[in-house]
Amino acid sequence: MSDDKKLPTRAEDFSAWYNDLVLKSELADYSPVRGCMVTRPDGYGIWERMQLALDQMFKATGHRNAYFPLFIPESFLKKEASHVEGFAPELAVVTHGGGSKLEEPLVVRPTSETIIYHMFSKWLQSYRDLPFLYNQWANVVRWEMRTRLFLRTTEFLWQEGHTAHATHEEAEIETRQMLGVYRTFMEQWMAMPVITGQKTDSERFAGAVRTYSCEAMMQDNRALQAGTSHNLGQNFSKAFDLTFQTEAGGIEHAWNTSWGVSTRMIGGLVMTHGDDNGLQIPPRLAHTEVVIVPIWKTDEEREMVFAMAHTVKAAISGRERGLAGRITAHVDDRIGIKPGAKYYHWELRGIPIRMEIGPRDVAANQCVLVRRDVKGKNAVSLDGVLETIHAMLDTMQNDMFAAALARREANSFRGDISYDRFKEIMAGPGGFVYAGWNGDPAVEAKVKEETKATIRCIPDPEFRSAEAPARCMVTGEPAKYEVIWAKAY
RNA sequence: CGGGGCGUAGCGUAGUCCGGUAGCGCGCCUGCUUUGGGAGCAGGAGGUCGCCGGUUCGAAUCCGGCCGCCCCGACCA
């Protein structure tokens, strides 16, 4: 698909803007199978950058990658009561293989707790074997009723960490640690501010004792759960007989955690940073940081600027080949397309920096740099241009985070908010509402019924209001928790 | 599964009410002129009008059935 001239604007129709942007920027396309999507090279390039950063962080915290199979015996899913209940409606089940009916149907993994803890039980004997710190990069299938590109598709790519520990405390520390890793990644790589906190019982993962999440605010003021980390307690270890001998000689069940982030984050990236002209990829996740657009009139000028463009590219790029301190650059040397058309083309695709090189620049040994986020042309010397670019990318990364954070805070509501006022907010602009809650699931259900908003999390201390809400927003009873309400994806 | 849209060239669409040789814009190909914010001219390629059946001399258009996609709701990362 080539660039169309116009996207729908965010103000007009946020949902149409998102779909159109994902398609036109060539991140992804619909597949012939309903609910499935194809991740195209520009989209996959972002995923690869995400994987690289996260994988290093997992390794740095002691985890190792492994791979468990796609097919899981159907009976495994049924071993943990709340797990079955949670996943049964969305399972894809294989009943035939090799031309004949299978004795036991195979489930296509919706997540891998069951198969992994089954295998762990085979490998675990002594407390000396613990902890088990595993991660796997995989695809999973969940048969969703309604799907959206990146945000919710039948099959998606993710990473799932699975660990086993000797004590509950250790498992809790691991759960919190990985939530922190996600937060760091989302803030520092994605330039997407998140609020960390604990899920209420109704939003907890099927099979977990406790679920924590990272919640981000999209530009339509709805919340996106961008990552989760679960303390599974002994639920799965009991279901799968995951036991070990203790130092004292007794037999105990291990304590598990699991945690995951998916290609859904790409959707979050689009809805956090995209504007009416297209994507904005934060520099640290850009598959290409700089696109060079040569400008010329005559054939001689063309030869001159092409030569300069390629010389500059050679001097600054090489990251993709592993050269330290370099970036990835692309020269748009298509002829017959005007520079302006190229600018729009690369803006749509969210490339962080555009470098223009024309005859005047060559003569002055300079180039013009334009940031995707703030625009504005900067003439800079070609001497030391790589350093200039690095500095610009760093500034841009920080500015994008700051802008997203400012937007989130501008659309957050704290203080004494009445339920009537809350309804107005949810029916109108939306946003994050910090409010007291008496802890009653019935209240949560009632609010969801009446406003579509749900409790996104019980925020961690640093995100809580200076003064804790004293009363429940709905019932007026003493508040047990401060919670964040929002409409969610 | 309920409600609402929509299926005509790669994309966007007109034509459907009122049956009569399938049109336009963008994109694509060739050539020339252009190129510091979406180029111009000339020529050209590209169509089982979602599918099946019916009515008719004749169907994109009328009738019956089916399929698919998108949006809104019930499920979820």
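Convention: sequence-line order gives letters A, B, ...; per-chain numbering from 1.
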Check each of A/Arg210, A/Gln177, A/Glu174 against A/Thr257 using the side chain to side chain contact (heavy atoms under 4.5 Å, CB included) test, and report the only one that passes.
-> A/Glu174
A/Arg152 (side chain) and B/rC76 (base): donor-acceptor pair under 3.5 Å | yes
For nucleotides B/rC51 and B/rU61, find the distance between their P atoms and express it as a whole number of Å.
-> 10 Å
State the pairing partner of B/rC69; accept Watson-Crick or G-U wobble contacts with both distances under 3.5 Å, and report none otherwise.
-> B/rG5
Gap in Å between the two P atoms, one belonging to B/rG58 and one to B/rA39, rounded = 50 Å
Separation of B/rA77 C1' from A/His230 NE2 (nearest whole Å) = 9 Å
Applying the 3.5 Å cut-off to both distances, the Watson-Crick or G-U partner of B/rC62 turns out to be B/rG54
Give a yes/no answer on whether the side chain of A/Lys338 brings an N or O atom under 4.0 Å of OP1 or OP2 in B/rG36.
-> yes
Ignoring the backbone of A/Tyr30, work out which of B/rG36, B/rA77, B/rC70 is nearest its side chain.
-> B/rC70
Distance, C1' atom - from B/rG12 to B/rC70, rounded to whole angstrom | 15 Å
Touch class at under 4.0 angstrom, heavy-atom based, for A/Thr153 against every strand present = base
If each of A/Phe156 and A/Arg360 is mapped to the nucleotide of RNA chain B with the nearest heavy atom, which maps nearer the 5' terminus, i.e. the 5' end?
-> A/Arg360
Between B/rU33 atom C1' and A/Ile337 atom CD1, what is the distance in whole Å?
-> 17 Å
Separation between the P atoms of B/rG15 and B/rG23, rounded to whole Å = 16 Å
A/Arg372 and A/Glu347 ion-paired at < 4.0 Å = no
Using a heavy-atom cut-off of under 4.0 Å over every strand shown, decide if A/Leu151 touches base, sugar-phosphate, or nothing.
-> base
Decide, yes or no, whether a salt bridge links A/Arg183 with A/Glu462 under the criterion of side-chain N to carboxylate O below 4.0 Å.
-> yes
Is A/Glu356 touching bases, backbone alone, or none of the nucleic acid, heavy atoms closer than 4.0 Å?
-> base
Given atom CG of A/Leu91 and atom P of B/rC75, what is their separation to the nearest angstrom?
-> 17 Å
Could you state the CZ-C1' distance from A/Arg334 to B/rG27, rounded to the nearest angstrom?
-> 13 Å
Across all strands shown, which nucleotide pairs with B/rC32 by Watson-Crick or G-U wobble geometry, both distances under 3.5 Å?
-> B/rG40
Roughly how far apart are A/Met50 CE and A/Ile266 CD1, rounded to 0.5 Å?
-> 5.5 Å
Taking atom P in both B/rU33 and B/rG20, compute the distance separating them and give it to the nearest angstrom.
-> 46 Å
Considering every strand shown, what is the Watson-Crick or G-U wobble mate of B/rG27 when both distances are under 3.5 Å?
-> none
Sugar-phosphate only, base, or nothing, as touched by A/Asp361 at under 4.0 Å among non-hydrogen atoms | base
Looking at A/Arg371 and A/Asp399, does any basic side-chain N land under 4.0 Å from a carboxylate oxygen?
-> yes
Do A/Glu356 and A/Arg354 sit within salt-bridge range, that is, some charged N less than 4.0 Å from a carboxylate O?
-> yes
Contact class for A/Val261 vs. all strands (heavy atom < 4.0 Å): base, sugar-phosphate, or nothing?
-> nothing
Contact nearer the 5' end of RNA chain B, comparing A/Lys377 with A/Trp158 | A/Lys377
Closest to side chain of A/Pro339, choosing from B/rG36, B/rC76, B/rC71 = B/rG36
Check every atom of B/rG36, B/rC70, B/rG37 against the side chain of A/Arg34 and return the nucleotide holding the closest atom.
-> B/rC70
Does A/Tyr343 lie flat on the base of B/rG37, that is, centres under 5.5 Å apart and planes under 30° off?
-> no
In whole angstrom, what separates A/Asp220's CG from B/rC71's P?
-> 14 Å
Please give the nucleotide sitting opposite B/rC17 as a Watson-Crick or G-U wobble pair, both distances under 3.5 Å, or none.
-> none
Let me know the distance between NZ of A/Lys487 and C1' of B/rA74, rounded to the nearest Å.
-> 16 Å
Expressed in whole Å, how much space separates the P atoms belonging to B/rA60 and B/rA22?
-> 8 Å
Is any side-chain nitrogen or oxygen of A/Asn277 closer than 4.0 Å to OP1 or OP2 of B/rG37?
-> no
C1' atoms of B/rC11 and B/rC6, separation to the nearest Å = 16 Å
For A/Met271 and B/rA77, what is the distance between atoms CE and P respectively, to the nearest whole Å?
-> 16 Å
Pairwise C1' distance for B/rA9 and B/rG47, with rounding to whole Å = 5 Å
Would you say the ring centroid of A/Phe236 lies under 6.0 angstrom from that of A/Tyr117?
-> yes
Answer with yes or no whether A/Glu347 presents, from its side chain, a donor or acceptor under 3.5 Å of a partner atom in the base of B/rG37.
-> yes
Less than 4.5 Å apart, any side-chain heavy atom of A/Thr163 and any of A/Phe132?
-> no
Between OH of A/Tyr18 and P of B/rC71 the distance, given in whole Å, is 11 Å
With respect to the phosphate group of B/rA74, does any side-chain polar atom (N or O) of A/Lys452 fall under 4.0 Å of OP1 or OP2?
-> yes
